[in-house]
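Letters A, B, ... are given to chains in the order of the sequence lines, protein chains preceding strands, and every chain is numbered from 1.
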2 protein chains.
Amino acid sequence: MISSPPFHETLDLSLCGSMGRVFRLCRDAVTLAVEPLGLTQSRWTAMIHIHHLKQGVTQQELASSLGIEMPSLTRTIKQLEQQAIIVRRIDSDDKRSRKIYFTEQGLLLLDALRDIMAEVKTQLYAELTTQQLDTMAYGLVQMEANARRCISHFSGEQ
Amino acid sequence: MISSPPFHETLDLSLCGSMGRVFRLCRDAVTLAVEPLGLTQSRWTAMIHIHHLKQGVTQQELASSLGIEMPSLTRTIKQLEQQAIIVRRIDSDDKRSRKIYFTEQGLLLLDALRDIMAEVKTQLYAELTTQQLDTMAYGLVQMEANARRCISHFSGEQ
DNA sequence: TTAAACTAGTTAGCATGCTAAGTAACTAGG
DNA sequence: CCTAGTTACTTAGCATGCTAACTAGTTTAA
């Protein structure tokens, strides 16, 4: 396990700047790799989550899974629908909500996407052990909880 | 050291989705905490980097330190200047470049900002050991390198 | 049963990142 | 010394996140 003090300082500099930069780079790497499929970051991310949540998911559930707000999702969903990758059907039990399904063409695209992502994932995680990845993932979850607590702390104070 | 397999899977789901979400949350926590100072995320981040790089830094150097592109910085710099937090002076040795300095008012704001950030940082890093933070920071640096290699791989291929 | 409150989704408009393309100043080769 | 290329910065416009405020169904409670 290589552990170098300077890295910790790098992270400290802007607190979350490193994370943002790495996030953008990883996202760009995937987006570039899937470019032949005509997908942008928000669109391929949504497709992967729809797949994991199973078809028939509502926009609310999808937004929650993606960790974004509903209005952010609306735009992406509209684009996926225009590209005929998904269709939405109004839920007969609750006419407010719309359930999402892949089209046949969408399913084909999803397969291609998953193949490419598997390859990119391997490249992005290169040189990192499972233990390191777990520590990072654990740290992210912990920081997420900390940040949420911190946000309610400062919102409540006003 | 707590290491839980499910977390790794969480990270895997959208590859970099967790990182983006945690990044946004941490950023929002700081931005909320410094809200009384009238600063947005891009502005406080830039201020911290200017401080670390020492005054008289050029926009080019600052953009590089922030890990963003010049046009993204232009907007932020303009706002900081309008708020009279910084001033820019054309470099007499190279009239293309502009050096950045804090105003007196800007320095006062910087002090207040740094105090608040120190507190928020403590909260965001709560429950995480130095070793865990180092592993995360190391992982981020490694992933950044991987992502850059991946990006040139896919750009070169076209 | 009907008015009030809630919930799913949308629209409008802001913040911040980006790329592409333009301007002005510097540098290098003939 | 002048043209060609490079560099620092700006402008314009796109992508994706957000909040606030709206519409239209659903639920709750008097």
Separation of C:dG9 P from A:Ile77 CD1 (nearest whole Å) | 9 Å
Does B:Gln55 have any side chain to side chain donor-acceptor pair (under 3.5 Å) partners at least two apart in sequence or in another chain, and if so, which?
-> none
Upstream residue (5' side of DNA chain C) when A:Ser97 and A:Asp28 are each assigned their closest nucleotide = A:Ser97
Separation of D:dG17 C1' from B:Arg21 CZ (nearest whole Å) = 14 Å
Rounded to the Å, how far apart are A:Asp93 CG and D:dT27 C1'?
-> 15 Å
Check the distance between C:dG17's P and B:Arg24's CZ and give it to me in whole angstrom.
-> 14 Å
Tell me whether the OP1 or OP2 atom of D:dA8 has a side-chain N or O from B:Gln59 closer than 4.0 Å.
-> no
What residues 82-91 of chain A contributes to the DNA chain D interface at heavy-atom separation below 4.0 Å is none
May I ask you to establish whether B:Arg88 and B:Tyr101 are in a cation-pi arrangement, using a distance under 6.0 Å from NZ or CZ to the six-membered ring centre and at most 45° from the ring axis?
-> no
Between C:dG9 (P) and A:Glu81 (CD): distance, integer Å = 12 Å
Got a donor-acceptor pair under 3.5 Å from the side chain of B:Arg96 to the base of D:dT7?
-> yes
Establish, with yes or no, whether the OP1 or OP2 oxygen of C:dT11 is under 4.0 angstrom from a side-chain nitrogen or oxygen of A:Lys78.
-> yes
First encountered from the 5' end of DNA chain D, between B:Gln60 and A:Leu73 | B:Gln60
Partner set under side chain to side chain donor-acceptor pair (under 3.5 Å) for A:Glu127, not counting sequence neighbours | none
Quick one: B:Leu25 CG to D:dG17 C1', roughly how many Å, whole number?
-> 12 Å
B:Asp94 CG to D:dT7 P: how many Å, rounded?
-> 12 Å
Contacts of A:Glu69 meeting side chain to side chain donor-acceptor pair (under 3.5 Å) (sequence neighbours excluded), chain-then-number -> none
Take B:Arg98 and B:Gln59 through the test side-chain hydrogen bond (donor to acceptor under 3.5 Å, both in side chains) and record every step on the way to the result.
-> CA-CA 7 Å; B:Arg98 295 155 168 234; B:Gln59 294 185 204; 5.1 Å; no
Indicate yes or no for a side-chain donor-acceptor contact from B:Thr31 to the backbone of B:Thr40 under 3.5 Å, with no hydrogens or angles considered.
-> no
Are there more than 12 heavy atoms of other residues, nucleotides or ligands under 6.0 Å from atom CZ of A:Arg149?
-> yes
With a 4.5 Å heavy-atom cut-off, do B:Leu39 and B:Ile85 have their side chains touching?
-> yes
Scan nucleotides 12-16 of chain C against the protein and return all N/O pairs shorter than 3.5 Å with their distances rounded to 0.1 Å.
from	atom 1	to	atom 2	distance (Å)
C:dT16	OP1	B:Thr40	OG1	2.7
C:dT16	OP1	B:Gln41	N	3.4
C:dT16	OP1	B:Ser42	N	3.1
C:dT16	OP1	B:Ser42	OG	3.1
C:dT16	OP2	B:Ser42	OG	3.2

Side chain to side chain contact (heavy atoms under 4.5 Å, CB included) with A:Arg24: which residues, sequence neighbours excluded?
-> A:Arg21, A:Arg27, B:Ile68
Protein-nucleotide distance (A:Glu69, atom CD; C:dG9, atom P), rounded to Å = 13 Å
